[in-house]
Amino acid sequence: MAVTKIIFLDILTVLPVPTSPNTWKVRLTLNYKELTYRTKWVETTDIESVCKSLGIPPTSMLPDGTPKYTLPALIDNTFTPPAVLSDSNPIIEYLERTYPDPDSSRAVCPPASCALHAIFEYHVAQPHGIASTSVNVPKRHLGKKLEDIELKGKDREEHWNKIERAFDLLATSMRARSGPGELFTGSNLSLADCTLGGLLLALRYDSPDEAWMKVSSWSNGKWIRYMAALSKWTAVE
Ligand SMILES: N[C@@H](CCC(=O)N[C@@H](CS)C(=O)NCC(=O)O)C(=O)O
């Protein structure tokens, strides 16, 4: 039996599916590229020790100056020495560089799209962007307890209205593209889809009764169609 050379590190949850937007982002890419990989599931409390033991670099610094370790991470043993990476965007760029699709129109992040993708990332993926939308997601980004940040009553309603407007704006921008397909560039996956798709998958599994219920009722069903288009690449082995 062939040895699986790519090890993908994802966060173990109590659910049978991952709920991290950033790990989903990379999983979507691995699946889209049809790469063979094995998931190493890591408990949240073990991320630092596992990363350190495997030589995976930290992705940022904590306020006290100590290194912060996060997932996703990936080890590719196809090469000697193996490629050892952390941080979703560098991992996706590595996969793109190392395993390009022979059909260049299937590229996830073509070099010409880098600047646009960086802007998208800034407005959508970072803690101040749409990613701060779900009342559940910020606890991961900001390291705060849910009960300390949870909005209530009118504030919560207003927050959801703001998010709905942001999603409507995205849906309107996506309608401006002619041609078939529900994704940002049509039917193929782009980095923007990995980012937004990762966020929506996390919302759907993490908050099915509130966040996903709301999002799926917005923008004339756009986000239901969007998720259906992504479903080809959401398998979790
Ligand atoms: N910039 C990193 C951020 C990754 C990140 O924040 N991962 C979260 C899960 S979505 C994590 O590992 N959190 C663990 C922790 O904060 O202890 C990326 O894009 O991969």
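Order of appearance sets the numbers: ligands from 1, and atoms from 1 within every ligand. Reckoned from all heavy atoms, side chains included, excluding hydrogens, waters and symmetry mates.
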Examine K68 against ligand 1 and note whether any of their N/O atoms are separated by less than 3.5 Å.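 Between K68 and ligand 1 (N or O atoms, distance only) the closest approach is under 3.5 Å.
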
Does an N or O anywhere in I11 fall below 3.5 Å from an N or O of ligand 1?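 For ligand 1, there is no N or O atom that lies under 3.5 Å from one belonging to I11.
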
Heavy atoms only: which of D10, I91, N22 is nearest to atom 5 (C) of ligand 1?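 Result: the heavy atom closest to atom 5 (C) of ligand 1 is in N22.
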
Look at atom 1 (N) of ligand 1 and find which of V26, N89, D87 reaches it with the closest heavy atom.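 The residue whose heavy atom sits nearest atom 1 (N) of ligand 1 is D87.
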
Is the closest side-chain donor-acceptor distance between D46 and S49 under 3.5 Å?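 Looking only at side-chain atoms, S49 and D46 do not form any donor-acceptor pair under 3.5 Å.
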
Under the 3.5 angstrom rule, does the side chain of [X] hit a backbone N or O of [Y] as a donor-acceptor pair?
| X | Y | answer |
| --- | --- | --- |
| S187 | L183 | no |
| R27 | V236 | no |
| N188 | S105 | yes |
| T66 | L62 | no |

Could you see which bit of T59 sits under 4.0 Å from ligand 1, with heavy atoms only: side chain, backbone, both or neither?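 Near ligand 1, T59 shows nothing, with every heavy atom at 4.0 Å or more.
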
Under a 4.0 angstrom heavy-atom cut-off, which atoms of ligand 1 come close to [X]?
| X | result |
| --- | --- |
| S20 | 9 (C), 10 (S) |
| P72 | 20 (O) |
| I47 | 12 (O), 14 (C) |

Below 4.0 Å from any atom of ligand 1, is there a heavy atom belonging to E48?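 It does not, in that no heavy atom of E48 comes within the 4.0 Å cut-off of ligand 1.
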
Provide the closest heavy-atom pair for N31 versus A235 in the form atom of the first, atom of the second, distance.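 In terms of heavy atoms, the two residues are closest at ND2-O, 2.9 Å.
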
Heavy atoms only: give me the nearest D193-L28 pair and the separation to one decimal.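 D193 and L28 have their closest heavy atoms at O-CD1, 4.2 Å.
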
